[in-house]
Amino acid sequence: MANTGDDRRPKYQRIADTLREAIRSGEYGPGDRLPGENDLMAAHGVARMTARQALGVLRDEGVAEARKGAGVFVREFRPLRRRGIQRLAQPQWGNGRSIWSADIENRSLEVDQVTVSEEAAPESVAAVLDLAGGEPVCVRRRRFVLDGKPVLLATSYLPAALVAGSAITQEDTGDGGTYARLAELGHKPVHFREEIRSRMPSSEEATRLSMSAGTPVILVCRTAFTDAGSPVEINEMTLDAASYILEYDFDA
């Protein structure tokens, strides 16, 4: 709810709260144009800079987006609900489905940037994968685009000797993806560990993800383990925080 009763809050923040509440109540729906700077100046008796800052707050939160020459509009993009447990279940990728299909429902997903290379393992990666310093890893870098909006950058590291000659070294890993191919190689993942952090994006990340200024990224580092406890993959993911809801559903 808007905290309009706190007079110590900056005027621009109170105006932003009022607009945010109007969006939540349905007064302004996805794609609707929000009041412009002139409208806010007249309605709230504030200077142009204050009105501009109020709209900037909503843009920075990912709630609204500016369209050149047209104004500021309620963002139409619907956040992606990332189901952290269901998506990694063996029946998901084991039956030839992408782990993404647990998240996207009937929405349009595209991997529009894919590179696969063999590189010396970074020190931090070598330590987790139990590799000697400088030992090669297969590196898979991808950008995921949902409904035309870039939402995720992902870089996977796998021991090069483990995946040599397999489809994992190709851009298209086939049905079920990397985990299905690991299972075929006799290294089926049965346990996953995810570590989650947040920070502001680098300029390159902000550009590649088409992010609004002030929006943070969520960092997810996932390690996949075999039944013997051997780590077989590290996947470092950078998510546009405004594009995601992280959901974890499990029994007590």
Side-chain angles (χ1 to χ4, degrees), residues 12-13 16 19-20 22-24 28-37 51-84 87 98-117 139-157 171-173 177-178 194-222 234-247:
Y12 76 86
Q13 187 66 65
L19 291 172
R20 192 186 303 104
I23 294 170
R24 287 175 179 166
Y28 298 107
D32 287 348
R33 184 181 185 277
L34 293 172
E37 293 177 8
R52 186 171 298 167
Q53 286 177 306
L55 293 170
V57 168
L58 299 183
R59 292 199 306 272
D60 291 348
E61 293 176 350
V63 174
E65 60 184 0
R67 298 179 188 172
K68 190 173 182 179
V72 177
F73 294 77
V74 179
R75 196 176 186 207
E76 294 186 77
F77 183 82
R78 182 162 48 99
L80 177 65
R81 189 171 294 274
R82 184 182 187 272
R83 296 175 170 87
R87 69 199 313 270
S98 163
I99 62 175
W100 270 80
S101 64
D103 303 333
I104 64 174
E105 299 170 341
N106 60 349
R107 302 172 70 180
S108 174
L109 173 72
E110 178 187 4
V111 184
D112 74 336
Q113 297 177 5
V114 183
T115 63
V116 185
S117 59
V139 184
R140 300 181 51 81
R141 295 182 174 91
R142 293 92 71 206
R143 184 175 78 161
F144 293 79
V145 179
L146 183 71
D147 297 341
K149 166 70 173 70
V151 295
L152 167 70
L153 305 175
T155 302
S156 294
Y157 301 91
E171 290 188 6
D172 184 358
T173 56
T178 295
E194 288 194 343
E195 300 173 345
I196 300 175
R197 296 183 294 124
S198 182
R199 60 165 169 76
M200 298 307 295
S202 67
S203 58
E204 180 188 6
E205 290 167 341
T207 298
R208 293 187 66 199
L209 291 171
S210 302
M211 296 175 65
S212 300
T215 304
V217 289
I218 300 169
L219 306 177
V220 181
C221 181
R222 181 172 69 233
I234 296 174
N235 190 349
E236 296 178 343
M237 293 161 274
T238 303
L239 291 64
D240 172 6
S243 298
Y244 276 90
I245 296 171
L246 305 185
E247 177 184 300

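Keep in mind it's a predicted model, so treat the numbers as computed, not measured. FYI, side chains are in, hydrogens and waters are out, and symmetry mates aren't considered; it's all heavy atoms of this structure.
Formation of a donor-acceptor pair under 3.5 Å by the Arg33 side chain with backbone atoms of Ala70 is found in this model. Side chain of Ser198 to backbone of Val217: a donor-acceptor contact under 3.5 angstrom is found.
A salt bridge links Glu205 to Arg199: one of the charged nitrogens lies within less than 4.0 Å of a carboxylate oxygen.
Residue Asn235 holds its CG atom at 7.5 Å from OG1 of Thr155, rounded to the nearest 0.5 Å. Distance check: Arg142 CZ to Gln113 CD gives 12.5 Å after rounding to the nearest 0.5 Å. From Arg141, atom CZ reaches atom CD of Glu171 across 13.0 Å, with rounding to the nearest 0.5 Å. The structure places CG of Leu55 at 13.0 Å from CD of Glu65, a figure rounded to the nearest 0.5 Å.
The two residues Leu152 and Tyr244 make their nearest non-hydrogen contact at CB-OH, 3.6 Å. For Arg222 against Met237, the heavy-atom pair with the smallest separation is NH1-CE, 3.6 Å. Heavy-atom minimum distance, Cys221 versus Ile234: SG-CG2, 3.9 Å. Counting all heavy atoms, side chain and backbone alike, Ala64 lies closest to Val72 at CB-CG1, 3.7 Å. Residue Tyr12 comes nearest to Ala54 through the heavy atom pair O-CB, 3.4 Å, listed as atom of the first residue, atom of the second, then distance.
Scanning for side chain to side chain donor-acceptor pair (under 3.5 Å) contacts around Asp112 gives Arg143, with sequence neighbours left out. Under the rule for a side chain to side chain donor-acceptor pair (under 3.5 Å), Ser210 has no partner lying at least two apart in sequence or in another chain. For the side chain to side chain donor-acceptor pair (under 3.5 Å) test, residues two or more places apart in sequence or in another chain that qualify with Glu37 are Arg48, Arg52.
Residues Leu19 and Val57 are not in side-chain contact: their nearest non-hydrogen atoms beyond the backbone lie 4.5 Å or more apart. Using a 4.5 Å heavy-atom cutoff, the side chains of Leu219 and Thr238 are in contact. In this structure, Leu34 and Ile23 have side chains that are in contact, with non-hydrogen atoms separated by less than 4.5 Å. The closest side-chain heavy-atom distance from Thr215 to Pro201 is not below 4.5 Å.
No more than 12 heavy atoms of other residues, nucleotides or ligands lie within 6.0 Å of CZ in Arg197, so this atom counts as exposed by the packing criterion.
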Dump the intermediate steps for side chain to side chain contact (heavy atoms under 4.5 Å, CB included) on Leu239 and Leu246, then the final yes or no. CA-CA 10 Å; Leu239 291 64; Leu246 305 185; 4.1 Å; yes
